[in-house]
**Q** 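Below is one structure. I have some questions about it.
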Number of protein chains: 2
Amino acid sequence: MQKATAEKSDPIAAQLAPVGRETVQDRVYSELRRALIGGLFEPSQVLTIRGLADALMTSTMPVREALGRLITEKALEALPNRSVRVPPITLERMDDLLRARILIEGEAIALAATRMTPRQIATIESMLSEWDEMRALKHKKDVDREVTLNQAFHFEIYRACGSAVLIPMIESLWLQSGPCIRVAIYAFSEAGEVDTAHYHRTIVKAMAAQNAREAREALVADISRPFVFLRNKLEADSKKGIPA
Amino acid sequence: MQKATAEKSDPIAAQLAPVGRETVQDRVYSELRRALIGGLFEPSQVLTIRGLADALMTSTMPVREALGRLITEKALEALPNRSVRVPPITLERMDDLLRARILIEGEAIALAATRMTPRQIATIESMLSEWDEMRALKHKKDVDREVTLNQAFHFEIYRACGSAVLIPMIESLWLQSGPCIRVAIYAFSEAGEVDTAHYHRTIVKAMAAQNAREAREALVADISRPFVFLRNKLEADSKKGIPA
DNA sequence: TCAATGCAAGTGTGATCACAAATCAAATAA
DNA sequence: TTATTTGATTTGTGATCACACTTGCATTGA
């Protein structure tokens with residue numbers, strides 16, 4: 001094998017990063033994930049293979065496989081008509097999702113509390129200040145950036161839990177609650193938003209002190225907020241407005 | 001629509017069950033799931049699309065989509081070579097899986113403890129006696145049947161937890177630990193098996209008493225057993241035998 | 001006017017083909 | 001004999017086609 005010998009003998013090869021061979025299907029899958037977590041699709045919206053293929057400038061093949069994967073992790077829903085849609089929001093489902101997230105993400109942050117390196121803690125601290133400066137010049141409500149930064153903050157912590165089993169589950173949970181969260185964030189914005197960064201600061205403080213219990217409690221408060229907010233909003237709407 | 005009117009006006013339509021339209025992909029996916037949970041594939045075994053398609057008497061298309069779905073739930077592993085294999089067993093992964101299963105299945109059974117109907121409890125009790133009579137005439141070690149019955153018992157309980165979010169996660173966990181479990185059960189058989197049904201009886205008793213704490217503890221003992229057994233076996237092997 | 005029928009466009013599913021990358025084996029050189 | 005190379009086979013990926021089912025709309029009937 002000429003490649004193996006080259007790697008050993010050639011000193012410049014050590015400076016070369018291996019070029020990733022990402023498939024089209026992977027890119028489609030990642031793109032749809034990003035859109036789902038960011039809440040770019042509305043609940044109950046139906047997606048067609050050919051429509052997405054056109055939008056993503058590819059053929060139907062990578063799209064249908066990506067959709068199949070998203071359906072298995074419950075990020076999308078397969079109707080009996082064989083059409084696929086993003087799952088609608090119901091109160092039961094929101095409670096269900098929140099309970100699962102408290103259980104699993106709470107465990108992950110408790111594990112991470114005793115395993116995070118100073119370097120990793122410095123990373124999430126820098127994210128904190130990045131959050132602050134975004135708030136400082138909040139001329140425009142950059143919801144997309146807010147969502148992205150929030151996700152990066154949380155997963156920087158979760159990655160430190162050292163569990164290759166829990167992390168994909170958390171990703172699946174974020175995928176499923178993405179549409180809900182987006183709706184909640186919009187509701188936040190129009191209802192005099194509470195300081196989101198405050199909760200993150202509490203989390204960072206607990207993580208720096210390696211206090212698993214406090215970290216878990218702060219996390220629960222953080223992720224519960226949009227859910228209870230949206231829940232109250234939905235209940236209020238159904239009481240006075242349309243019951244459906 | 002003639003179908004809708006027929007449903008309302010025609011009395012014989014009420015006796016007709018809707019014919020399910022299961023796709024080939026669904027069948028392939030279910031079949032591979034069954035094989036994985038049952039441990040029919042060995043750890044580190046590589047699977048080829050065309051090989052599976054031939055074995056399942058279908059084309060490559062349904063197989064590749066089923067494989068993609070199984071990869072996303074970590075039931076299979078995609079190598080950088082783009083070939084797929086069933087994940088190998090490591091001590092770290094086993095501990096990781098067991099911890100996640102204790103966390104999530106423990107929560108599920110605790111939820112189910114206060115929600116199981118008398119009818120559902122009667123069902124798992126009947127499974128208990130079915131287990132006993134299988135033990136009574138254990139002329140041949142029917143590992144397959146043992147695995148199937150064990151799965152049916154646990155999921156009859158989990159289904160009662162009422163969470164549409166937790167159950168798919170538990171299925172994913174069983175998918176991932178399937179190969180390990182199979183190895184453990186074989187090891188059980190050759191090492192004078194402890195009474196598996198005893199743990200299930202304890203679980204049933206706790207469920208009947210709606211005692212969530214006891215049910216959870218009994219479940220943890222039940223699912224931990226094959227893992228700690230296999231762990232000790234692997235550690236013993238690595239100490240005296242091959243370190244790899 | 002309204003419901004039922006029939007047609008046409010759209011959609012998911014499975015099969016097949018083309019192509020590039022990887023794997024394996026025989027052949028060759030040191 | 002051992003290491004290297006070369007060629008053939010296998011394999012995954014993406015594109016395209018054929019078919020069946022669904023959906024939506026226009027037409028027809030009462």
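Throughout, protein chains are lettered first and strands after them, A, B, ... in sequence-line order, and every chain is numbered starting at 1.
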**Q** Assess the residue pair Glu171(A) and Arg33(A) against the criterion (salt bridge (Lys or Arg N to Asp or Glu O under 4.0 Å)); give the C-alpha distance rounded to whole Å, side-chain angles, the decisive distance to 0.1 Å, and a yes or no.
**A** CA-CA 10 Å; Glu171(A) 288 177 352; Arg33(A) 273 178 71 103; 3.3 Å; yes

**Q** Within a strict 4.5 Å, meaning less than it, do heavy atoms of the Ser177(A) and Phe227(A) side chains meet?
**A** yes

**Q** With a 3.5 Å cut-off and no angle check, do the side chains of Arg159(A) and Gln120(A) form a donor-acceptor pair?
**A** no

**Q** I'd like to know if the side chain of Ser126(A) pairs up with that of Glu130(A) as donor and acceptor (distance under 3.5 Å, no hydrogens or angles considered).
**A**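 There is no such pair (donor and acceptor under 3.5 Å, judged by atom type) between the side chains of Ser126(A) and Glu130(A).
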
**Q** Tell me, please, whether Trp174(A) has Arg101(A) positioned over its six-membered ring: NZ or CZ under 6.0 Å from the ring centre and within 45 degrees of its axis?
**A**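 The answer is yes, since Arg101(A) meets both limits relative to Trp174(A).
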
**Q** When you compare the side chain of Ile181(B) with that of Ile37(B), does any pair of heavy atoms fall below 4.5 Å?
**A** no

**Q** Heavy atoms within less than 4.0 Å of DNA chain D: which residues of residues 45-66 of chain A have one? Give them sorted by number.
**A** Thr58(A), Ser59(A), Thr60(A), Met61(A), Pro62(A)

**Q** Round to the nearest Å and state the distance from Glu22(A) atom CD to dA21(C) atom P.
**A**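 Roughly 16 Å, once rounded to whole Å.
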
**Q** Check the orientation of Tyr158(A) and His154(A). Use parallel for under 30°, tilted for 30 to 60°, and perpendicular for over 60°.
**A**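 Judged by the thresholds at 30° and 60°, the geometry between Tyr158(A) and His154(A) is tilted.
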
**Q** What parts of residues 68-82 of chain A reach DNA chain D, counting only heavy atoms under 4.0 Å away?
**A**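 The answer is Asn81(A).
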
**Q** Go through Arg93(B) and Gln176(B) one step at a time and tell me if the side chain to side chain contact (heavy atoms under 4.5 Å, CB included) criterion holds.
**A** CA-CA 10 Å; Arg93(B) 179 168 172 77; Gln176(B) 294 179 61; 3.3 Å; yes

